Amino acid sequence: MIQLTEQILQATTKGINQLYKLPLPASSLQINRTKPEFEGDYTVVLFSVIKPIGKSPEIIGKELGDFLLNEYKQLFSKYNLVKGFLNLTVCDHYWTTILNQYYEDPCFGKGAVKQEKIMIEYSSPNTNKPLHLGHLRNNFLGWSLSEIYKANGFPVVKSCIVNDRGIHICKSMIAWKRYANGKTPQSENKKGDHFVGDYYVLFNEAYKKETEELVAKGISNEEAEKEAPIMKETQQMLIDWEAGKPDVIALWKEMNSWVYEGFDITYKRIGSDFDKIYYESNTYLLGKKIVGEGLSKNVFVKKEDGSVWIDLTADGLDEKIVQRKDGTSVYITQDIGLAQLKAEEYGCKESIYVIGDEQNYHMKVLKLICQKLSLPAADGIHHLSYGMVELPTGKMKSREGTVVDADDLLNEMEEVAKKKTEELGKTADFTETELAQLYRTLSIGALKYYLLRVDPKKKMIFNPEESIDFHGHTGPFIQYTYARIRSILRKENINKNTDSFSSPLLKMEQILLLELEQYPTIVMQACKEHDPSHLANYLYRLAQTYNTFYAAHSVLKAESEEKKQLRLRICSFTSTIIASGMNILGIAVPERM
RNA sequence: GGUCCCGUAGCUCAGUUGGAUAGAGCAACAGCCUUCUAAGCUGUGGGUCACACGUUCGAAUCGUGUCGGGAUCACCA
């Protein structure tokens, strides 16, 4: 189907060209939604064509309006002109045609199937601590962007790079060796990721203490941080790990397995999943070969001490190291290797990285280096950069334990959902299973919506003192709208034979249809801009419009059978789109609540 | 210091490919359940769109500058 705004644009462009013999590019006309205080649905802004045509906006508006009414009888019923704004009213016939065609079609809004594969990398956790609120934003963004791409017809590969090696893991390992006395998540009855995370916090406490003791002995702070025994042990452990020392590897494997068990539970709960998981322990050496090739192509240069660099000053950036003087790889080396590996394995047209905005510079450098190396996937690298989630007191810090833990927050949200539901008392006949399911649906819905409705690139401040709302501009508001519609549709079946509607559409019916028709445009826009918040905000607008309609007009007790059938279809169409859109965001909708 | 991002109602946010009188939610206040689920609806109050200058018929939106907040510029990942 062709979007209405597109049709209007084509029609008006054709009108201008025919009336004034002007080969006007379509982009020179602007079509907007008509402001509610004026009559009409869509508005053509005429100011930009006054000059080339050389007539007043009043004359152009009248001539163009008459042309459109004559030539597009199926589309427009009337027009009015205010200053340079030509307000067009779309025929009822157009709306009812759309309605009849799509009112129960779950594919409405989905784009044609395409060939180009898209890879979306998200989540990418460290295995030394549990997931926190920031990870949730990442997961929700990544997962819903994948669904947005799928809705637009693209095959999507969801990937994840697990940072399972490095000094941070060794910190948890050393602390465990020192303080755990052989304790395990099983023995302590604790979720594995939290168990390991506790030792990461213990490490930092011990490290701080040892550093302070050295400083007290008169050693400089900088020196003390290097010389603290626990840090030296940790660094030695990293060397032993790289050397493959069996007991270190065994402990590393065991502690990682505890973390994975914990992650699995959380991922399942929030609905995150991946088609391909990369482990840094397998990929961290990958970039070195490419560095070697880059040296021979003179993309990189070797300095006297043996370290390898790339000079990006001509591109407005700095010099960047890609390999240490001892030959080991740095962070970006691994990313170059992984980019190459991804390209070889999947050959995706676009590769999107969902990573916090603190890595904007890193990602810019990565793309540039890949381009200079002429890696096949280089131009397709995109960074979906999102702002940090902060507390009123500032940044969250795992090592200081000042984080909003994902599991804690999910539990809390479920409690709130339970409390609110019980207060309202509408679920007396629900079974225990149904209740548990409902609390999950509502709590996850509230949380996901809360994080997804904001423009990704903006940082967010989360106040743990104020619980996430269930009223107003929230996930549960939209879920509630859906449940109310479903309640109506359970009471009355749609008569599929009644599909012509002779009485004119009421204002609210027509406004709702106007909103519904926009859904495919929004799904496309969210994809183009890598931004699920457009969809989240659209769904809210739609639910709000529906609720106004619902309060103004009865469906089941409509003025006539014809109206009832029309409104049942509108209800069905609305609920179909809400379910579809919410699913794209990763939010389920309940039949009752 | 260089680069990038942000600044809209008391708070959280839309609106940013330039269009008509800048919109929601929360909070406050006033109404609406013998009518399809009141997690809802209707209304009231609340604004120097950080500031200045410029481009334009028209600027929250574009440009330049200033102020404020943040990120980054590691042989950490």
Side-chain angles (χ1 to χ4, degrees), chain A residues 27 30 32 34-38 43 45-48 50-51 57 82-85 87 124 126 163 165-169 280 284 303 305-309 316-326 328-332 334-335 356-362 364-365 385 387-388 390 395 417 420-421 423-424 426 442 446 450 453-455 457-463 466 469-481 483-492 533-534 536-538 540-541 543-544 546-558 564 567-568 571 592-593:
Chain A
S27 56
Q30 230 184 93
N32 298 334
T34 302
K35 294 222 158 201
E37 52 268 36
F38 299 96
T43 296
V45 184
L46 298 171
F47 295 105
S48 60
I50 295 173
K51 221 177 216 173
V82 182
K83 292 188 275 182
F85 301 97
N87 300 320
S124 303
N126 291 345
N163 301 302
R165 51 139 249 130
I167 194 86
H168 50 290
I169 316 296
E280 198 189 307
Y284 82 110
K303 293 206 174 172
D305 66 357
S307 57
V308 182
W309 295 75
L317 304 176
D318 303 300
E319 285 195 323
K320 183 89 187 169
I321 187 161
V322 294
Q323 190 169 297
R324 297 190 187 99
K325 63 187 170 199
D326 62 6
T328 56
S329 60
V330 294
Y331 179 38
I332 200 147
Q334 305 167 25
D335 273 349
D357 62 8
E358 55 194 358
Q359 297 200 35
N360 284 354
Y361 180 74
H362 173 81
K364 213 166 157 182
V365 171
S385 164
M388 296 289 107
E390 294 178 9
K395 284 190 83 167
K420 303 233 175 207
T421 305
E423 277 168 13
L424 289 167
K426 298 180 194 173
L442 294 178
Y450 177 82
R453 78 174 173 107
V454 181
D455 180 349
K457 71 167 179 282
K458 291 193 177 174
K459 75 171 182 198
M460 302 181 70
I461 293 174
F462 176 81
N463 189 348
E466 301 163 13
D469 218 325
F470 282 61
H471 298 267
H473 190 177
T474 66
F477 172 94
I478 301 167
Q479 291 170 318
Y480 175 70
T481 306
R484 286 214 295 195
I485 298 174
R486 296 300 301 161
S487 172
I488 293 175
L489 294 173
R490 276 194 299 273
K491 291 189 166 77
E492 183 94 32
S533 75
H534 289 299
N537 285 306
Y538 164 79
Y540 171 69
R541 226 182 304 135
Q544 209 180 27
Y546 177 84
N547 283 331
T548 303
F549 157 83
Y550 178 95
H553 305 293
S554 177
V555 176
L556 298 178
K557 293 179 183 164
K564 181 163 92 178
R567 288 181 193 159
L568 282 170
C571 287
R592 292 175 55 199
M593 64 186 274

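Source: prediction; values computed, not measured. Per chain, numbering begins at 1; letters A, B, ... match sequence-line order.
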**Study point:** Short side-chain N/O contact from S487(A) to OP1 or OP2 of rU37(B), under 4.0 Å
**Key:** yes
Review point. For L442(A), which contact category applies under a 4.0 Å heavy-atom criterion: base, sugar-phosphate, or nothing?
Key: base
Check your understanding: Does some side-chain heavy atom of Y361(A) sit less than 4.5 Å from a side-chain heavy atom of D318(A)?
Key -> yes
Review point. When all nucleic acid strands are considered with a 4.0 Å heavy-atom cut-off, which category describes R592(A): base, sugar-phosphate, or nothing?
Key: base
Review point. Which nucleotides of nucleotides 22-30 of chain B have their base under 4.0 Å from a protein heavy atom (B), which only their sugar-phosphate (S), and which neither (-), written as one string 5' to 3'?
Key: --SSS----
Point to revise | Sugar-phosphate, base or nothing in reach of M593(A), heavy atoms under 4.0 Å | key: base
**Study point:** Sugar-phosphate only, base, or nothing, as touched by T43(A) at under 4.0 Å among non-hydrogen atoms
**Key:** base
Point to revise | rG65(B) - base-pair partner by Watson-Crick or wobble geometry, distances under 3.5 Å | key: rC51(B)
**Study point:** First of A417(A) and V555(A) reached from the 5' end of RNA chain B, by closest nucleotide
**Key:** V555(A)
Point to revise | Pair assignment for rG31(B), Watson-Crick or G-U wobble, requiring both distances under 3.5 Å | key: rC41(B)
Practice item. Would you indicate which nucleotide in rU35(B), rA20(B), rG15(B) comes nearest to any side-chain atom of T34(A)? Key: rA20(B)
Exercise for review: Measure the NZ-OG1 distance between K35(A) and T43(A) for me, rounded to the nearest 0.5 Å.
Suggested key: 10.0 Å
Study note, to complete from the structure: Taken to the nearest whole Å, CE/M460(A) to C1'/rC5(B) is 17 Å
Check your understanding: Who is the Watson-Crick or G-U wobble partner of rA14(B), with both distances under 3.5 Å?
Key -> none
Check your understanding: Is there a donor-acceptor contact under 3.5 Å linking the side chains of H168(A) and N163(A)?
Key -> no
Point to revise | Residue pair R567(A) / F549(A), side-chain heavy-atom distance below 4.5 Å | key: yes
Practice item. Using a heavy-atom cut-off of under 4.0 Å over every strand shown, decide if D335(A) touches base, sugar-phosphate, or nothing. Key: nothing
Review point. For atom P, what is the distance between rU56(B) and rG70(B), given to the nearest Å?
Key: 38 Å
Check your understanding: Could you run down nucleotides 70-77 of chain B 5' to 3' and tag each one B, S or - for protein heavy-atom contact under 4.0 Å?
Key -> SSSS-BSB
Review point. Which is true for T548(A) with a 4.0 Å heavy-atom rule: it touches a base, it touches only sugar-phosphate, or it touches nothing?
Key: sugar-phosphate
Practice item. Would you indicate what F47(A) reaches in the nucleic acid, counting non-hydrogen atoms under 4.0 angstrom: base, sugar-phosphate, or nothing? Key: base
Exercise for review: Give one of base, sugar-phosphate or nothing for H553(A), where a contact means two heavy atoms less than 4.0 Å apart.
Suggested key: base
Point to revise | Donor-acceptor pair under 3.5 Å, S533(A) side chain vs rA14(B) base | key: no
